[in-house]
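Remarks on the structure that follows.
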Amino acid sequence: MKALVLSAGVRPAGYSLPRQIVPIANKPVLEYVVENLRDVGITDIGLVVGEGAQEISELFGDGSYLGVSITYIQQDVALGLAHCVRIARPFLGDDDFVMYMGDNVLVEGIGQIADEFARLRPSAQVLVDKVEDPRLYGVAEVDENSRVTRLIEHPQEPRSDLAMIGVYFFTPAIHTAVDAIEPSWRGEFEITDALQWLVTHERDVRARMYSGFWKDTGKVEDVLECNRELLMGLRTDIQGIVDDESRLIGDVVVEEGARVVRSCIVGPAIIGAGTLVEESIIGPYTSIGADCRIVDSGLADSIVLNEATVQNVSGIETSLIGRRARVGSARQHRLVVGDGAHVDVAA
């Protein structure tokens with residue numbers, strides 16, 4: 001089986017990084033996706049990329065450092081998920097494959113679902129979960145045997161609360177369906193339309209409930225929620241230097257080359273390689289990237305990206321601070337600071 005990972009989406013506002021490689025718990029979102037695939041034995045991965053292709057390819061290369069082989073597939077114009085399948089046909093050939101949204105985090109992986117697909121081998125199998133507002137998703141209606149009877153994209157009057165959450169298993173039957181559909185009212189080739197074509201033509205399409213934690217990381221609050229969830233799996237690992245005047249409480253990771261000086265860190269938290277934390281209090285659920293400077297400050301429940309500086313600010317919470325950003329005194333303590341921005345407002 002192969003994998004098709006979709007990573008051609010937009011960048012978060014204010015950030016130069018594609019959102020698929022924004023770090024969560026100091027690891028790019030897309031790396032969690034690749035690890036989930038590798039863990040079920042899928043190592044031949046086609047990565048659909050758009051404007052962020054260079055940053056993604058520089059980070060992941062050929063995938064060998066993660067134990068996989070990555071083939072890059074360029075999508076110049078975003079024309080929908082089914083269009084991704086269409087342009088990836090030379091890579092996919094006639095193999096079964098899993099299509100996985102590159103900005104989705106599924107903490108517990110896809111092992112059981114992949115095994116079920118291999119055992120039953122329906123024409124398609126979609127992961128679903130109950131959501132509060134199905135209008136924001138592609139929605140599946142299913143019968144008592146978990147067979148899909150109808151699918152619709154962003155329904156205005158949903159008849160189901162089962163949203164498709166961005167992981168799909170396919171046999172080669174999907175290619176016939178993709179070739180048969182027309183663009184939707186949004187001007188895109190919708191994967192829901194291709195799946196509905198299979199249902200209409202009496203192919204076996206099944207829905208599988210996902211019981212673990214998952215998030216689409218398109219919004220800052222979702223990124224922070226994922227950060228909390230992933231940090232809860234940390235175990236203390238001190239590779240850097242923690243001086244005698246500092247205290248570590250709970251599970252804390254201090255990466256190689258990092259220094260903690262006269263500070264208190266309450267886990268779960270991670271301090272990136274080469275970072276200095278001095279005269280500061282770092283609260284739980286905080287990820288600080290590499291080569292940062294946190295001086296005379298207090299942070300909690302936040303993400304600080306590489307090479308950022310936070311100085312003389314206390315009480316920062318639920319914040320996302322971009323690469324190379326500089327935050328001095330600030331009136332607001334819930335911050336979203338873009339890459340390279342400078343915030344320095346008298347308190």
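Residue numbers start at 1 and run along the sequence shown. Model, not experiment: these values are computed from the prediction.
The cluster map of Ile, Leu, Val, Met, Phe, Trp and Tyr, joined by side-chain heavy atoms under 4.5 Å apart, puts Val261 and Val242 in different clusters. Connection of Val85 to Val199 is established within a shared hydrophobic cluster, with ILVMFWY side chains joined at heavy-atom distances below 4.5 Å, either directly or through further cluster members. Put simply, Val142 and Leu198 are part of the same group of oily side chains (I, L, V, M, F, W, Y) that touch within less than 4.5 Å, one to the next.
When side chains are defined from C-beta on, Leu248 counts as touching Ile238, because their heavy atoms get closer than 4.5 Å. His83 places none of its side-chain heavy atoms less than 4.5 Å from the side chain of Glu188. Using a 4.5 Å heavy-atom cutoff, the side chains of Ile294 and Glu278 are not in contact. Considering only heavy atoms from C-beta on, Phe169 comes within 4.5 Å of Ile113 through its side chain. Contact annotation: the side chain of Ile270 never approaches that of Ile288 to less than 4.5 Å [non-hydrogen atoms, C-beta and beyond].
No more than 12 heavy atoms of other residues, nucleotides or ligands sit less than 6.0 Å from atom CD of Glu157. For Tyr285, the OH atom is loosely surrounded, since the number of other residues' heavy atoms within 6.0 Å does not exceed 12.
For the residue pair Asp243 / Ser246, a side-chain donor-acceptor distance below 3.5 Å is found, with atom types taken as modelled. Donor-acceptor pairing under 3.5 Å is recorded for the side chains of Glu58 and Gln54. Side chain to side chain, Asn36 and Tyr100 meet the donor-acceptor criterion of an N or O pair below 3.5 Å. Checking Ser184 against Glu190 by side-chain atom types alone, a donor-acceptor pair falls below 3.5 Å. Residues Glu225 and Asn227 bring no donor and acceptor atom of their side chains to less than 3.5 Å of each other. Looking only at atom types and distance, the side chain of Asp251 has a donor-acceptor partner in the side chain of Thr236 under 3.5 Å away. For the residue pair Thr192 and Glu153, a side-chain donor N or O sits within less than 3.5 Å of a side-chain acceptor on the partner.
A salt bridge is defined here as a Lys NZ or Arg NE, NH1 or NH2 lying under 4.0 Å from an Asp or Glu carboxylate O, and Asp204 with Arg206 meets this definition. We find that Asp296 and Arg262 are not joined by a salt bridge, their nearest charged nitrogen and carboxylate oxygen being 4.0 Å or further apart. Under a 4.0 Å N-O distance rule, the pair Lys27/Glu35 qualifies as a salt bridge. Salt-bridge annotation for Asp96 and Arg121: present, with a side-chain N of the basic residue lying under 4.0 Å from a carboxylate O of the acidic one.
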Practice item. Apply salt bridge (charged side-chain N to carboxylate O under 4.0 Å, His left out) to Arg89 and Asp94, showing your working. Key: CA-CA 8 Å; Arg89 183 68 190 274; Asp94 292 324; 3.2 Å; yes
Check your understanding: Could you go step by step and tell me if Val277 and Thr275 meet the side chain to side chain contact (heavy atoms under 4.5 Å, CB included) rule?
Key -> CA-CA 7 Å; Val277 178; Thr275 284; 4.1 Å; yes
Practice item. In sequence, state the C-alpha distance, the side-chain angles, and the governing distance for Val139 and Leu151, and then conclude on side chain to side chain contact (heavy atoms under 4.5 Å, CB included). Key: CA-CA 6 Å; Val139 172; Leu151 299 111; over 6 Å; no
Point to revise | Audit row: Ile45, Thr43, side chain to side chain contact (heavy atoms under 4.5 Å, CB included) steps and yes/no | key: CA-CA 6 Å; Ile45 299 173; Thr43 58; over 6 Å; no
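Leu120 belongs to no multi-residue hydrophobic cluster, having no ILVMFWY side-chain contact under 4.5 Å with any other such residue.
In this structure, Trp214 and Tyr137 have perpendicular ring planes: the angle between them is above 60°, well past the 30° mark.
Considering Thr217, Leu6, Asp222, Val22 as possible partners of Asp103, the one that fulfils the side-chain contact (heavy atoms from CB on, under 4.5 Å) test is Thr217.
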